[in-house]
Amino acid sequence: MILAAGEGTRLRPLTLAYPKPMVPVAGVPLLTRTAQLLQGIGISQIAVNLFHKPESILAQFGDSLHYSHEEELLGAAGGVKKLENFFDTTFLVLYGDNYYKFDPASLLALHKETNALATLATFTTQNPTACGLIETDARGKVTRFVEKPPADEVFTDQASAGVYVLEPQVLALISETGPSDFGRDVFPALLREFPTRVFARPLDGYLKDTGTPENYRQANWDALQLHGERAIAPDAWIASGARLAGRNVIGAGCRIEYGASLTESILWDDVTVGAGARLENVVLGHGVRIGPGVQLPPGTLVASGEKIER
């Protein structure tokens, strides 16, 4: 299951018209990347939960995914609980707003070897108060899990990576009503009820949370610099007199006019930048129109479909 129901408030206005998992990294929506990763390891049945602006997901994926529409946000665990009848065997849960490049084979192997009910991937965090922290013994058995502790209670830099291997029995611990969260509700309960059947190991690969503008920008730069992805779409049109400085991502159908200057900027698809416009460290959503000579303050985010003429 890919969790895709969140509203993406920290990335507004980029998420006003699109759910977080449809935000593109280097031109490819996060949900597309995660679905391809799962399909690449032979997982053909993928469910997603929908709430905020689901139209773009439905239009792109059609009947290739199993959908769960939420009338109100149920939380990560509550969203999985709503699909309880879908999960009749060992299954994976991933967060749709993360940029992943990893191989789950070692995580799945540990889960099977230990007869675990839940096996969690971890990563080393530099911001432990914003994560669910995990302590394990030498075998990988989880001995402690604390969701987003205050600074004076931080006990490790190992955090949940938002990738879980679960058995269907875990769903019995999730409330039938109201929102429920894995970190605050399910995993603490699981450790109390089954203290010997919760395991964790480091994620075998790359993970980047894209939930803030800073993290989103870094995910794009990592796609270019670490993973060798294309920075400029093949059909983008860039005038010979335009200037590109530093790292830039330019999406499909974009048009950069003569004399325009782009520095460290990310353009989604079908963006037009007028002659002489100057843009630095900006993110422009789908179909944005920037008029001739326009200058935007560094760090500006522009919602899809907006026009800035002067």
Side-chain angles (χ1 to χ4, degrees), residues 1-6 8 18-51 54 56-70 74-113 116-123 160-168 170-171 182 186 199-211 216 219-220 222-223 226-229:
M1 180 168 183
I2 304 173
L3 297 166
Y18 292 89
K20 279 192 298 183
M22 291 304 288
V23 168
V25 168
V28 181
L30 288 163
L31 187 57
T32 299
R33 291 178 175 277
T34 305
Q36 290 173 344
L37 183 151
L38 295 175
Q39 290 162 351
I41 61 169
I43 294 176
S44 59
Q45 298 184 61
I46 301 173
V48 297
N49 56 338
L50 304 177
F51 176 76
S56 60
I57 294 177
L58 296 169
Q60 174 134 347
F61 292 93
D63 59 3
S64 65
L65 302 178
H66 182 85
Y67 301 107
S68 173
H69 295 265
E70 297 182 10
L74 299 175
V80 177
K81 178 71 171 182
K82 189 171 186 287
L83 281 164
E84 190 165 13
N85 292 334
F86 182 75
F87 299 113
D88 56 2
T89 187
T90 306
F91 64 98
L92 275 168
V93 175
L94 302 93
Y95 285 75
D97 57 346
N98 286 341
Y99 172 27
Y100 299 104
K101 277 188 175 293
F102 76 102
D103 183 353
S106 60
L107 196 68
L108 293 165
L110 177 65
H111 185 80
K112 184 176 181 179
E113 291 165 8
L117 289 176
T119 304
L120 288 60
T122 66
F123 75 109
S160 171
V163 179
Y164 316 137
V165 185
L166 303 177
E167 293 301 319
V170 172
L171 301 178
F182 279 109
V186 179
F199 284 77
R201 63 155 296 139
L203 185 79
D204 186 13
Y206 170 92
L207 161 73
K208 188 68 178 180
D209 164 43
T210 65
Y216 172 66
N220 278 269
D222 288 351
L226 298 181
H227 307 140
E229 299 200 18

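Numbering of residues begins at 1 and proceeds along the displayed sequence.
- Taking all atoms of both residues into account, the shortest heavy-atom contact from Arg201 to Leu107 is CG-CD1, 3.6 Å.
- Considering only residues two or more places apart in sequence or on other chains, Tyr206 meets the side-chain hydrogen bond (donor to acceptor under 3.5 Å, both in side chains) condition with Asp222.
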Handout entry: Ile43/Leu92 under side-chain contact (heavy atoms from CB on, under 4.5 Å): CA gap, chis, key distance, verdict
Key = CA-CA 10 Å; Ile43 294 176; Leu92 275 168; 3.6 Å; yes

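- Taken to the nearest 0.5 Å, the CE atom of Met22 stands 5.5 Å off from the OG1 atom of Thr32.
- Between the side chain of Asn220 and the backbone N or O of Ala26, at least one donor-acceptor pair lies under 3.5 Å.
- Counting only heavy atoms from C-beta outward, the side chains of Val48 and Tyr67 approach each other to under 4.5 Å.
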Exercise for the section: Mind running side-chain contact (heavy atoms from CB on, under 4.5 Å) on Thr210 and Val23 for me, showing each step along the way? Expected result: CA-CA 9 Å; Thr210 65; Val23 168; 5.8 Å; no

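- Between Gly27 and Pro29, the closest heavy-atom pair is O-CD, 4.0 Å.
- A parallel orientation is assigned to the rings of Phe91 and Phe87, their planes being inclined by less than 30° (bins at 30° and 60°).
- Contact annotation: the side chain of Val170 never approaches that of Tyr164 to less than 4.5 Å [non-hydrogen atoms, C-beta and beyond].
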Exercise for the section: Take Val80 and Leu3, measure what side-chain contact (heavy atoms from CB on, under 4.5 Å) needs, and give me the verdict at the end. Expected result: CA-CA 8 Å; Val80 177; Leu3 297 166; 4.1 Å; yes

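- You'll find the side chain of Lys112 stays beyond 4.5 Å of the side chain of Val165, heavy atoms only.
- Closest heavy-atom contact between Ala116 and Glu167: O-CG, 3.6 Å.
- Summarising the geometry, atom OG1 belonging to Thr34 is positioned 10.0 Å from atom OH belonging to Tyr99; distances are rounded to the nearest 0.5 Å.
- Under the side chain to side chain contact (heavy atoms under 4.5 Å, CB included) criterion, Ala161 pairs with Ala121, Phe123, Leu207, not counting sequence neighbours.
- Between Val28 and Arg33, the closest heavy-atom pair is O-NE, 3.5 Å.
- To the nearest 0.5 angstrom, Ser160 atom OG is 10.0 Å from Leu203 atom CG.
- Rounding to the nearest 0.5 Å places NZ of Lys101 at 10.5 Å from CG of Leu226.
- Counting non-hydrogen atoms of neighbouring residues, nucleotides and ligands closer than 6.0 angstrom, the CD atom of Glu84 exceeds 12 such neighbours.
- In this structure the side chain of Ile41 reaches within 4.5 angstrom of the side chain of Pro104, judged on heavy atoms.
- Note: Leu38 CG to Met1 CE = 12.5 Å, rounded to the nearest 0.5 Å.
- To the nearest 0.5 Å, atoms CG (Leu74) and CZ (Phe51) are separated by 9.0 Å.
- Between the side chain of Lys81 and the main chain of Leu171, a donor-acceptor pair closer than 3.5 Å is present.
- In plain terms, the two heavy atoms of Pro19 and Ile57 that are nearest each other are CG-CD1, 3.8 Å.
- Heavy atoms only, all atoms of each residue included: Thr90 and Pro168 are closest at N-CD, 4.3 Å.
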Handout entry: Test log, rule side-chain contact (heavy atoms from CB on, under 4.5 Å), inputs Leu50 and Leu58
Key = CA-CA 9 Å; Leu50 304 177; Leu58 296 169; 3.9 Å; yes

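- Inter-residue side-chain proximity for Val25 and Lys208 is flagged as unmet; no heavy-atom pair is nearer than 4.5 Å.
- Proximity of a side-chain donor or acceptor of Asn98 to a complementary backbone N or O of Tyr100 within less than 3.5 Å is not detected.
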